[in-house]
Amino acid sequence: MTTQKAFASQADLEEKKVTFERLSEHAWAYTAEGDPNTGIVIGRDAVMVVDTQATPVMAADVIRRIREVTAAPIKYVLLSHYHAVRVLGASAFKAEGLEQVIASEATLALIQERGEQDKASEIGRFPRLFRNVESVPPGLTWPMLTFSGRLTLDLGGVKVEMFSPGRGHTAGDTVAWLPEERVLFSGDLVEFDATPYCGDAHFTDWPATLDAIAALGAQALVPGRGPALKGAEQVAAGLGGTRAFVSELYAAVRAGVQAGEELKSVYQRTIAALRPKYGHWVIFDHCMPFDVTRAYDEAGGTAHPRIWTAERDVEMWKALEGA
């Protein structure tokens, strides 16, 4: 008798150890053993936070650690993309001097189109990450400042460049780059020892986007999940691992679509093919049903990712993971 595995990450209840480490004169990384990361840039006059954690209560721990090293106001929050687990903690920074919540115009469009559905979907998938979800104010996290192209801010002694290197994890992915210190905050465009979530991805674009990131020549990189990458060799490993996973998954799924196979058979074959190499990565079992479903859609001609709702999540999971 086989037992259906728990939905998404509902069985993932083990607390993770947080690491707060300095990567350069002005850059810090807040990481937690494969949970979503937060990046911090500390200037003389202001602090920027890249991604906020999932709730204000969880963001309070980020603030506590920042306050151990600086009293400068946290003026800026950058949303690397729209996913709820990255943005719903933003309200915690209002008492810390917050002036601007920044996002790309493409990210704003996605919040407008699917923010409410995504919020309900993610809270259902990640009970541990959304602990104290009642602390999240009603509604969505809306950017105060949006941009296309490139936006540069001086925090006092450190320049931060924000731009989209291309589509990948979502259509609105934005990175923060410290050109003088060669530190990059990639959001979920890059993962390390953690499975890329591809439910809203653009598979055919993602490898070229990673090439654009590689061309920057970063000497440190804070991925969306996993430990901070230090030195050119670790950065290359993070980029290479993400590229390999995305490319191998999409190639396997596309072959099944071209052969006329049904989604469930493509899923079973793809997860069996990828598990030996990637099965030890964090949230592998969580991500694969969503990843294969999106890849199947894209390979079948659905260019714009379908919206995930809490109801669609459960229906998909039952269809792929049921007996």
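Just one of I40, I42, V47 meets the side chain to side chain contact (heavy atoms under 4.5 Å, CB included) condition when paired with I74; it is V47. Of the candidates K230, E181, E180, E181 is the only one forming a side chain to side chain donor-acceptor pair (under 3.5 Å) with S24.
The cluster map of Ile, Leu, Val, Met, Phe, Trp and Tyr, joined by side-chain heavy atoms under 4.5 Å apart, puts V175 and L155 in different clusters. Linking Ile, Leu, Val, Met, Phe, Trp and Tyr residues whenever their side-chain heavy atoms come within less than 4.5 Å leaves V62 and L78 in two separate clusters. Criterion: ILVMFWY side-chain heavy atoms under 4.5 Å apart, direct or through other members. Under it, V85 and L110 are not part of a common hydrophobic cluster. Follow the hydrophobic side-chain contacts under 4.5 Å out from W177 and you never reach V41; the two are in separate clusters. Cluster membership check: L23 does not share its hydrophobic cluster with F20, using side-chain heavy-atom separations under 4.5 Å among Ile, Leu, Val, Met, Phe, Trp and Tyr.
Using modelled atom types and a 3.5 Å distance limit, the side chains of T170 and D200 yield no donor-acceptor pair. A side-chain donor from one of R125 and Y197 sits under 3.5 Å from a side-chain acceptor of the other. For the 3.5 Å distance criterion, the side chains of Y30 and E21 fail to qualify, holding no donor opposite an acceptor.
Between the side chain of R312 and the main chain of E315, no donor-acceptor pair closer than 3.5 Å is present.
Taking 4.5 Å as the limit, some side-chain heavy atom of Y82 sits within range of a side-chain heavy atom of R114.
Distance check, rounded to the nearest 0.5 Å: OH of Y250 to OG1 of T204 gives 5.5 Å. Note that CG of L189 is 9.0 Å distant from CD of E191, once rounded to the nearest 0.5 Å.
Within a 6.0 Å sphere centred on CD of E233, other residues, nucleotides and ligands contribute 12 heavy atoms or fewer. Heavy-atom contacts from other residues, nucleotides or ligands closer than 6.0 Å to CD of E134 number more than 12.
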Item to check | E96 and K75: CA distance, side-chain angles, deciding distance, salt bridge (charged side-chain N to carboxylate O under 4.0 Å, His left out) verdict | outcome: CA-CA 8 Å; E96 302 298 324; K75 290 186 179 181; over 6 Å; no
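A salt bridge links D285 to R275: at least one charged side-chain nitrogen sits closer than 4.0 Å to a carboxylate oxygen. By the 4.0 Å N-to-carboxylate-O rule, R306 lies close enough to D297 to be salt-bridged with it. Note on E298 versus R254: no salt bridge recorded, every NZ/NE/NH1/NH2 to OD/OE distance being 4.0 Å or above. Taking 4.0 Å as the cut-off between side-chain N and carboxylate O, D193 and R225 do not count as a salt-bridged pair. E15 and R131 are joined by a salt bridge, as a carboxylate oxygen and a charged side-chain nitrogen come within less than 4.0 angstrom of each other. Ion pair D173/R167 not flagged as a salt bridge, since none of the NZ, NE, NH1 or NH2 atoms sits closer than 4.0 Å to an Asp/Glu carboxylate oxygen.
Between W317 and F290, the ring-plane angle classifies as tilted under the 30° and 60° cut-offs. The aromatic rings of W206 and H169 sit perpendicular, their planes meeting at an angle over 60°, well past the 30° parallel limit.
Residues A310 and A120 approach most closely at CB-O, 4.2 Å, considering heavy atoms.
Between F245 and Y278, the ring center distance clears the sub-6.0 Å criterion.
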